[in-house]
Colleague: 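Sending over a structure as structure tokens; questions will come in a sec.
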Amino acid sequence: MERRGARLDLTVDNSAVWVQMPHTYTRWDHDQMSVGATHAFGSQWSAGSYGGFHGCLENLSYNGMNLIDLAKRKVPQVTVKGNVTFSCAEPVFVAVTFNGPKSFLSLPGPTASHLIGTSIRLQFRTWNEAGLLLTFNLPMHSGAVWLYLSNARLHLLVHKAGRARLELSAGSALNDGQWHSVALNSRKGRLTVTADEDEGGYAHARPPFLIVTGSQLFFGGCPVEGNLQECENPFSRFQGCMRLLAVDRQSVDLIKVQQRLMGNYSDLQTDTCGIIDRCSRSRCEHGGHCSQSWSNFHCNCTNTGYSGATCHSSIYEQSCEAYKHRGRNSGYYFIDMDGSGPIRPQLLYCNMTEDKTWTVVEHNNTEPTKVRPQPGTNQLAIHFEYASEAEQLAAIISQSEHCEQELIYHCRRSRIFNSPDGPPFSWWVGGPNGGQVQTYWGGAPQGSQQCSCGLQQNCVDPKHQCNCDADRNECDSGFLTHKETLPVRSLVLGDVHRPGSESIYRLGPLQCHGDKNIWNAAFFDKETSYLHFPTFHGELSADISFLFKTTSFSGVFLENLGIKDFIRIELSSPLEVLFSFDVGNGPLEVRAKSSVPLNDNRWHRVRAERNIKEALLRLDELPAATQEAPSDGHIHLQLNSQLFIEVSAIFKSGTSLSYSLHSSSILSDGTLRGENVSLSFRTNQSPALLLYVGSYQREYLALLLNKNEQVEVRYRLDGSRDAEILRSKVRNLANGHLHAVTINRWADTVFVQVDENDGEDFTLTSDAEFNAIRSLVLGRILDSTLDPELAQLGSLGFTGCLSSVLFNTISPLKAALLHPNTSSVAVIGPLTRSVCGSTAANLSAAETTHHLSGRSGSIGTGQPPVNTHRRDSVLIGGLISSVIFVGVSALAITTRIIYRRKEANHSRAVNVVKCGGSSAPALNGSRNSLSDNQKDQMRGERCLIAVLQTQSGSRRTI
């Protein structure tokens, strides 16, 4: 255990956890430490039910001092009480592990006939509720005995000829992974079974019942092959560990068993206990209860407010606005501001009676309150406690577009500020954490030491900046709207003790509207448009959700790469969304299918979640598709690159990019029955070789422009035959404009599409398998095994632009530009990253990056920025096909700008509430808002809205 400031680290073996302590605990003032005692000497504190420590301690160190050495030397500062010795005799235990369905251990029964009975003892540990511990036949095949676990209790079942079936049970919760002792005794007709003798788990048979062991004892299970009459197991096999086996008080030497000198066994691990504690670092989030079996764990999410395999997903909406969009009315709702993040859900009131949806956070005193001065004090301090915790309040304010609190002060001879220059009589404290002192009143600028009438220059006395400062029977009121100073945590009133002073104050509830997670559409009008965000940490669990609409047939929504790991969500066809990732165990895919087209230019919702138990993908309101993760293996998703939606590069005639495919995860045995190839290009060269995929068996796939400026696809899937040439009808492609090509092959059927032209279908006559694939090459090729015509074309290289190159799930151009040191990539000659893949005709267009106010990220078009010092940053983005997210109208952009300016002006406007009449918050003022149809129109034609959540709670919205 180590403490550094407010951080406390606890390490047990290889497991480590840490907590951030409250500020009040960062100074430890203690003058003694107790080791092994049930209570500290001279202290009232007690260890309670834990009791004292019984066992051995070594290497006991405190701030570098060896405490055991001090005790041995009888240093006066150390007091030793009780039975403490400075030696530790450690017993040697040999354990065996029963791993799987074929595990068993057989031992010979007693060598002599024991008519007086039998005695068997053992210790075990397991996570399973059920499993066979021991079975044996009675002599002369007169019956059988089974000692087994069921519902985490120990059960004994005896079938004996001429006697009624006997069942005994003892103990409970024996599947906690700890060592438990078991004793079966039959002596002089008394049959007993004991589980953990020290804890009273005991049962005995009545009337007396004598059993004697047969010739063989079977532990854990029965042999799969052999004489089944010797061992029958109607129960589950045991998975766990055993040790300290003893038969008739004779210990069993398990090392001899391992050496085949005694007994028999199968699928055992000897001299080790291979049990795995899958709940030691609870994988259950948000307080979910973890339970486990030998091979898996389960999370009980009851009463947590979360659901899913690891209690990751919130069952509540993130805002009042989200509830309104689900058709709800005004009322109290649980709000989970950060979704699957660490902030707890909270019960809040949602006011949906206006165009804007208001989230209302009450505090302990929202009613008008008459000031009653305290004797002996010059000031009156009022503190406000809110229904929400500090981190919840901070999340509400941060996520909202606008927040406000109404502050009203009715006064008679009770001044607020008195003058704008001197020290104020009154002030209030507001803002995050403990807050800061604020010297302005509702409706006035921050720090102005004014009230709203001073700003409007209509105070009752022009010499003062507040009505109350005129020392009359007046009132000052207004809305506090600066989000960084909210909520109001305390109010200090100073001029309340003069003769004749009277005053009434009222602080309204905190009210916020405008959910940034709802209205946050992004437009992708160029192929090289991108969004760049800081590092995305989703090592153990993460969820991604977004809305999209498009008219394209396919495209990648999001992709992020590591050295080997990756995560990707894509529209794989008009009827299917694909979620794929790799954490080191090989690629896993989850597919969500729709019965209606997804490229219908309507909004569709995608939600993907990945945790250490499963991957989940939900499309609109359809049932979720899931894929279980391996129970054992890698669990951490390690991403270290920026996510670039598009990557483009300029090729010269001498440029050659080679990507090795023979070890790629897309090839299970080096053979493909189909492939999906897509790229964009811009060139004036004709003929030109665009892409080449070769094999070790003289088979290949080549994509080229012929001399007629047409796309040709050449397949040679039989090394003994000539290549088959598939020629597109689209011409004039070497015109310097950007063109997109898509090739899809399955077996002997090939589909080719160029730009937005109609796709063309071809049928191959050769073999349908692409065998022994070796590498993919872009640019110049020097290979003497190529066909003469193709070899000559390859030697010329390619001059122009290549963009968005994709071969199945491999992006060779992206790998070369973002991971140039990867062993699978080799580049010869100049390869320059460029914005040439943009649909704009001007290839020299400069990159533009716009910083989003109030958000951690940037949005831009053109070439993504390179930062060699931030390789672990991540970029979250949207659809990437040649026509995804285009045609955003100028009208929509203009409308959005006007809307933003109106919101900014509204946040700066002075909200004056009349002091006469009701002092309730004025909720029905001139709060103009756009209709839902107007908001939807502003979202544009092709957009993506995305929210990402990780286990650490770092939530990012696009």
Colleague: Of all the heavy-atom pairs spanning T366 and G508, show the shortest one and how long it is.
Modeller: CG2-C, 4.5 Å
Colleague: What's the shortest heavy-atom distance between P345 and D336, and which atoms?
Modeller: CG-OD2, 3.7 Å
Colleague: Could you tell me which residues satisfy ring pair (Phe, Tyr, Trp, His ring centres under 6.0 Å) with Y306, sequence neighbours excluded, listed by chain and number?
Modeller: H286
Colleague: Would you mind reporting whether I569 and I544 have side-chain heavy atoms less than 4.5 Å apart?
Modeller: yes
Colleague: Do the side chains of N365 and L507 get nearer than 4.5 Å, heavy atoms only?
Modeller: no
Colleague: Output the distance between atom CG (D543) and atom OG (S340), rounded to the nearest 0.5 Å.
Modeller: 3.5 Å
Colleague: Minimum heavy-atom separation for P462 and V460, please, with both atom names.
Modeller: CD-O, 3.9 Å
Colleague: Looking at side-chain heavy atoms only, is the closest gap between D476 and C453 below 4.5 Å?
Modeller: yes
Colleague: Under 3.5 Å, is there a donor-acceptor pair between the side chain of D620 and the main chain of R605?
Modeller: yes
Colleague: Taking ring-ring contact (aromatic ring centres under 6.0 Å, His included) as the criterion, tell me which of F334, Y333, Y349 meets it with Y323.
Modeller: Y333
Colleague: So does H289 get a backbone contact from the side chain of N300, meaning a donor-acceptor N/O pair under 3.5 Å?
Modeller: no
Colleague: Of R372, K370, R472, which meets salt bridge (charged side-chain N to carboxylate O under 4.0 Å, His left out) against E502?
Modeller: K370
Colleague: Apply ring pair (Phe, Tyr, Trp, His ring centres under 6.0 Å) to H363 and list each qualifying residue two or more places apart in sequence or on a separate chain.
Modeller: F384, Y386
Colleague: Between E609 and S313, does a side chain to side chain donor-acceptor pair (under 3.5 Å) hold up when you go through it step by step?
Modeller: CA-CA 9 Å; E609 178 184 339; S313 303; 2.6 Å; yes
Colleague: What verdict does the side-chain contact (heavy atoms from CB on, under 4.5 Å) test give for S319 and T359, after you've listed the backbone C-alpha separation in whole Å, the side-chain angles of each residue and the deciding distance to 0.1 Å?
Modeller: CA-CA 8 Å; S319 66; T359 301; 5.6 Å; no
Colleague: Which atoms form the tightest heavy-atom contact between A322 and E317, and what is the distance?
Modeller: CB-OE1, 3.5 Å
Colleague: Inspect cysteines C466 and C451 and report if their side-chain SG atoms are under 2.5 angstrom from one another.
Modeller: yes
Colleague: Is any side-chain heavy atom of V488 closer than 4.5 Å to one of L407?
Modeller: no
Colleague: Measure SG to SG for C284 and C299 and state whether it is below 2.5 Å.
Modeller: yes
Colleague: When rounded to the nearest 0.5 angstrom, what distance separates CD in Q346 from CE in M337?
Modeller: 6.5 Å
Colleague: Please tell me if the side chains of L493 and Y409 come closer than 4.5 Å, counting only heavy atoms from C-beta onward.
Modeller: yes
Colleague: Can a donor-acceptor pair be found, under 3.5 Å and without considering hydrogens, that links the side chain of R618 to the backbone of L622?
Modeller: yes
Colleague: Counting only heavy atoms from other residues, nucleotides and ligands, does the tally under 6.0 Å from CD of Q436 exceed 12?
Modeller: no
Colleague: Counting only N and O atoms by type, is there a donor-acceptor contact under 3.5 Å from the side chain of T550 to the main-chain atoms of N599?
Modeller: no
Colleague: Side chains of R344 and Q392: closer than 4.5 Å at any heavy-atom pair?
Modeller: yes
Colleague: Which pair of non-hydrogen atoms, one from K483 and one from S398, has the smallest distance, and what is that distance?
Modeller: NZ-O, 3.9 Å
Colleague: Starting at CD of E404, measure out to CD of Q511 and round the result to the nearest 0.5 Å.
Modeller: 5.5 Å
Colleague: Got P424 and Q449 here, is their nearest side-chain heavy-atom distance under 4.5 Å?
Modeller: yes
Colleague: Counting distance only, does the side-chain N/O of N351 pair as donor-acceptor with the main-chain N or O of W358 below 3.5 Å?
Modeller: no
Colleague: In Å and rounded to the nearest 0.5 Å, what is the CD to CG distance from Q405 to L480?
Modeller: 7.0 Å
Colleague: Quick one: pull up CG in D471 and OG in S501 and give me the separation to the nearest 0.5 Å.
Modeller: 7.5 Å
Colleague: Under the side-chain contact (heavy atoms from CB on, under 4.5 Å) criterion, do V360 and L510 qualify, and how do the steps go?
Modeller: CA-CA 6 Å; V360 182; L510 175 68; over 6 Å; no
Colleague: Decide yes or no on disulfide bond (SG atoms under 2.5 Å apart) for C311 and C301, but give the supporting numbers first.
Modeller: CA-CA 6 Å; C311 310; C301 308; 2.0 Å; yes
Colleague: If you take all heavy atoms of S414 and D495, which pair is closest and at what distance?
Modeller: OG-O, 2.8 Å
Colleague: Given side-chain contact (heavy atoms from CB on, under 4.5 Å), test L571 with L598 step by step and report yes or no.
Modeller: CA-CA 9 Å; L571 182 68; L598 300 172; 3.8 Å; yes
Colleague: Counting heavy atoms not belonging to N364, are there more than 12 under 6.0 Å from its CG?
Modeller: yes
Colleague: Measure the spacing between CG of L486 and CZ of R489 and express it to the nearest 0.5 Å.
Modeller: 10.0 Å
Colleague: Hey, what's the ring geometry for F546 with F557, parallel, tilted or perpendicular (30° and 60° as the breaks)?
Modeller: tilted
Colleague: Under 3.5 Å, side chain of T369 to main-chain N/O of E367, donor-acceptor pair present?
Modeller: yes
Colleague: Using only atom types and a distance under 3.5 Å, with no angle test, would you say the side chain of S426 pairs donor to acceptor with the backbone of G494?
Modeller: yes
Colleague: For F417 together with W427, are the ring centres under 6.0 Å from each other?
Modeller: no
Colleague: Do S452 side-chain atoms and S477 backbone N/O form a donor-acceptor pair below 3.5 Å?
Modeller: yes
Colleague: Before giving the answer on side-chain contact (heavy atoms from CB on, under 4.5 Å), spell out for H497 and L380 the whole-Å C-alpha distance, their side-chain angles and the decisive distance to 0.1 Å.
Modeller: CA-CA 9 Å; H497 290 274; L380 176 65; 5.8 Å; no
Colleague: Answer whether the closest heavy-atom distance between the side chains of F425 and D469 falls below 4.5 Å.
Modeller: no
